[in-house]
Amino acid sequence: MRAEFQKPRGTQDILPPMSLKMEQMRRIALDCAQTFGYLPVETPVFEQTPVFLRVGESTDIVQHERYSFTDAGGVELTLRPEGTAAIARAYVENGMFNQPQPVRMCYYGPMFRRERPQALRYRQHTQFGAELYGSVYPEADAEVILLACAVVERAGLPDPMIRLNSIGCSECRPRYREALIRYYHEQRNHLCRDCQTRLNSNPLRLLDCKIDVAIREQAPDIEEFWCEDCATHYGKLTDLLSASGRQVRRDPFLVRGLDYYTRTVFEIGHPSMGSQAALFGGGRYDGLATTLDGPESTPAVGFGMGIERILSAVEQNLGIPSVTRIYVAHLPGFEGPSLLLAEQLRREGFAAESDLMGRSLKAQLRDAGRRSQIVVFVGGHEWEMDEVNVKSLQDGVQMTVKRDQLSDLLHQQFKINS
Ligand code: HAM
C-alpha cells in the first residue's frame, strides 16, 4: 500500500479481539464512575482554540503538539489534546455552577497530541477522565484519586502506588519558583537545551526532566515553601488515602506537564515503565474555569487515564465475554431461508449468523467450527416438514425440532441464554 494511504504516524487501528477488550475497559470505567456518582458528559472532539490555550501557553500540548486548523468560516479550531479544559468550558457555558455542588462528571474518548511516537505514546489516544467541581476540601481530592484507583483495580491491577505532591498555591508557589530559578541559574551550563529554555518560562518543569536528574536532587523542595493551608491540605489528603488502604508516596519531583494545577498533583506509573508512562495523572485546578469566564472561585479536581496504557498493563486479565454463537447452515438453494432464520434468532436475542459466501455445506461446517458452538441446518426433507436439525459442536448432540419450537429447544436442551 502506498504510504499516503496508510494511517497517520502515531495512530493505530484497534482490531478484534483488542477492540472488544477496549470496549470492556470502557464499561468498567463508566460503571465504576457511576458507583461514585460521576455521570458521563460528552463534549465535541474539537473546540475553539482559545479554550485549549487556557491549559497554559508554555505547555507542550499547547506549544507544539496541537492539531489546530482554521475552518472554511475562518474559525480557529483545535482537536482536543485533553478533556479538562473542554469540561471546564462546558461547566461554565451550561451554567453548571448554579447546580447543587459538587458536580461530578466523567468522560471517555479520543485525545489528539502531535507527540513523538514511541511505545505507549500515540498521536491519538483514548482517555477516561473524571472531574469534580465545587469543593475546596481534601476529601474531594481523595475521592477522585480513589475513583481512579478503583478503575485500575477493577481492570486487574491490584494495589497501585500513588505518587503525590503539592505544587502549592498562588501564595506560596511564587516564592518557590524564585528559589528554583536561583538554584537552576547556578547550574545553567549543565542543563539540557529544553531545560535552558524552560528555566524562565516554566521552571517547575525542570524537576521532571528525564535528562537532568542528578541536578534536581539538590534542588530546593517545595515542601519547605508550602503555606499553612497547602501543608494542611496535603497532610489531610495523605492521611485519608492511607486510612483508605491505598499506597501513597510523596514524589517531590512530580509537577505534571499542564499549567493549570494548584496544590495537589498525582500520578501512577505503568508497572513495566515506571514514571516514564503514567497510567493516570491529575490534580486540583482551582483557577481554570475562572479563566474561561466562569465564576471567581471555581474549585475543581480530576484525573485523566490512558486507556491504551491500562490495556497494555492488564490485557491478559480482561476476558472477552463469551457468547454462544449459532451458525445457520444451509443446503444449496436455501441461502435466503437460512439468512431469514438467523435474523429470527437474533430478534429473539440469540447471537446467530448464516453463510454469505456461497460455501458448500462441508465448508460451512468448517467455518462454523471456527467460532460457533451450535449449528442449525436449513433445507432438505426436514425443512419441508417445518422442522430443523440442531447440532451441538461441543458434544455432538443432535436433535430435530419444529421450527416454531427452536427457540425453546435452544434454551432448554442446549442451555443458551438469549
Ligand atoms: P495527562 O497526564 O496529560 O493529563 O494525560 C492523562 C493520561 O492520559 C496519562 O496519564 C496517560 O495515561 C494518558 N496519555 C497522555 N498522553 C498520551 C499519549 N500520547 N499516548 C497514550 N496515552 C497518553 C491530562 O490530560 C489531564 N487533563 C488530566 C486531568 C484531568 N487533570 C485534571 N483533570
Side-chain angles (χ1 to χ4, degrees), residues 8-12 14 22 25 29 33 38 41 43 47 51-52 54-56 59-62 64-67 79-91 104-133 140-141 143-145 147-149 151-152 155 157 160 162-163 167 205 208 254-271 273-289 298-314:
R9 221 173 141 230
T11 65
Q12 27 169 18
I14 300 165
M22 193 122 175
M25 201 45 238
Y38 289 68
V41 168
T43 60
E47 295 277 350
V51 172
F52 292 121
R54 292 292 180 266
V55 170
T59 60
D60 295 343
I61 59 171
V62 166
H64 50 261
E65 293 173 357
R66 256 190 304 135
Y67 282 104
L79 293 185
R80 68 177 176 203
E82 61 110 47
T84 309
I87 293 283
R89 194 267 309 139
Y91 177 84
R104 295 179 169 96
M105 295 172 274
C106 66
Y107 51 94
Y108 187 100
M111 306 292 161
F112 307 87
R113 300 179 181 185
R114 199 180 181 286
E115 297 198 68
R116 200 155 48 81
Q118 49 184 293
L120 298 176
R121 195 171 289 286
Y122 306 105
R123 290 185 170 177
Q124 176 178 336
H125 72 277
T126 311
Q127 251 190 54
F128 164 68
E131 315 288 353
L132 181 145
Y133 274 79
D141 309 36
E143 184 179 276
V144 297
I145 295 174
L147 167 56
C149 290
V151 172
V152 169
L157 259 185
I162 307 155
R163 290 185 301 121
I167 54 168
R205 286 298 306 283
D208 85 336
L254 179 65
V255 289
R256 308 263 310 133
L258 310 166
D259 278 359
Y260 48 57
Y261 292 114
T262 47
R263 288 197 176 145
T264 311
V265 286
F266 55 87
E267 260 181 26
I268 78 153
H270 190 284
M273 300 184 76
S275 58
Q276 295 281 323
L279 289 181
F280 67 74
R284 179 166 276 285
Y285 52 98
D286 292 344
L288 179 64
T298 315
V301 53
F303 69 85
M305 178 179 286
I307 295 299
E308 290 82 0
R309 292 186 185 180
I310 300 274
L311 275 175
S312 92
V314 302

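Predicted model only: the values in this text are computed from it and were never measured. Numbering of ligands and ligand atoms starts at 1, following listing order. The basis for the numbers below is simple: all heavy atoms, side chains too, and nothing from hydrogens, waters or symmetry mates.
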What about G282: any of its N or O atoms under 3.5 Å from an N or O on ligand 1?
no
Rounded to the nearest 0.5 Å, what separation is found between the CD1 atom of I14 and the CE atom of M22?
4.0 Å
Among all protein heavy atoms, pick out the one at the shortest distance from atom 5 (O) of ligand 1; state its residue, atom name and that distance to 0.1 Å.
Q127 NE2, 3.4 Å
Honestly, for E308 the part within reach of ligand 1 (heavy atoms, under 4.0 Å) is neither
For L258, atoms of ligand 1 separated by under 4.0 Å from a heavy atom:
4 (O), 24 (C), 26 (C)
Mark up the atoms of ligand 1 that fall under 4.0 Å of a heavy atom belonging to F303, in ascending order.
28 (C), 29 (C), 30 (C), 32 (C), 33 (N)
Ligand 1 to L279 polar contact by distance, N or O atoms, under 3.5 Å
yes
Looking only at protein heavy atoms, what sits closest to atom 19 (N) of ligand 1 is E115 OE2, 2.6 Å
Within the 4.0 Å heavy-atom cut-off, what V301 brings close to ligand 1 is neither
I want to confirm something. Looking only at heavy atoms, which of Y107, F112, Y122, Y260 is nearest to atom 26 (C) of ligand 1?
Y260
Could you grab the distance from atom CE of M105 to atom OH of Y38, nearest 0.5 Å is fine?
10.0 Å
Starting from atom 25 (O) of ligand 1, what is the nearest protein heavy atom, named by residue and atom, and what distance separates them?
R113 NH2, 3.0 Å
Atom pair CD (Q124) and CD (E115), whose distance is rounded to the nearest 0.5 Å:
13.0 Å
Closer than 4.0 Å to some heavy atom of G281 - which atoms of ligand 1 meet that?
10 (O), 28 (C), 29 (C)
In this structure, atom 7 (C) of ligand 1 is nearest to the protein heavy atom G304 O, 3.5 Å
With side chains defined as the heavy atoms from C-beta onward, is the minimum distance between L120 and H125 less than 4.5 Å?
no
Answer yes if the side chains of E131 and Y285 hold a donor-acceptor pair under 3.5 Å, and no otherwise.
yes
Do D259 and T59 meet the criterion of a side-chain donor-acceptor pair at a distance under 3.5 Å?
no
P117 versus R123: any side-chain heavy-atom pair under 4.5 Å?
yes
Identity and separation of the nearest protein heavy atom to atom 31 (N) of ligand 1:
Y261 OH, 2.6 Å
Does at least one non-hydrogen atom of R256 fall below 4.0 angstrom from an atom of ligand 1?
yes
Name the residue from L254, V265, T262, T264 that meets the side-chain contact (heavy atoms from CB on, under 4.5 Å) definition with I167.
V265
List the atom of F52, the atom of A86, and the distance in Å for their closest heavy-atom pair.
CE2-N, 4.2 Å
dist Y67:OH -> R80:CZ (nearest 0.5 Å) comes out at 15.0 Å
Would you call the rings of F280 and F266 parallel, tilted or perpendicular if under 30° counts as parallel and over 60° as perpendicular?
perpendicular
May I ask you to list the atoms of ligand 1 that are less than 4.0 angstrom from any heavy atom of F280?
10 (O)
Ligand 1 to E82, heavy atom cutoff 4.0 Å, flagged ligand atoms 25 (O), 26 (C), 27 (N)
Heavy-atom proximity to atom 22 (N) of ligand 1, best of R80, M305, R309
R309
Quick note on ligand 1: atoms under 4.0 Å from a heavy atom of Y285 include exactly 32 (C), 33 (N)
Of all heavy-atom pairs between D286 and A300, which one has the smallest distance, and what is that distance?
OD1-N, 3.1 Å
Y133 and Y91 aromatic centres sub-6.0 Å
yes
To which protein heavy atom is atom 32 (C) of ligand 1 closest, and what is the distance rounded to 0.1 Å?
G302 O, 3.2 Å
Looking only at protein heavy atoms, which one is nearest to atom 12 (O) of ligand 1, and what is the separation?
A278 O, 2.7 Å
Option of least heavy-atom distance to atom 30 (C) of ligand 1 (set: T84, I307, T59, V55):
T84
Heavy-atom distances under 4.0 Å are what count here, so tell me which part of E131 touches ligand 1: side chain, backbone, both or neither.
side chain
Using a 3.5 Å cut-off on N or O atoms only, is E267 in polar contact with ligand 1?
no
R205 CZ to D60 CG distance, which is reported to the nearest 0.5 Å:
5.0 Å
What is the nearest protein non-hydrogen atom to atom 14 (N) of ligand 1, stated with its residue, atom name and distance?
H125 NE2, 3.4 Å
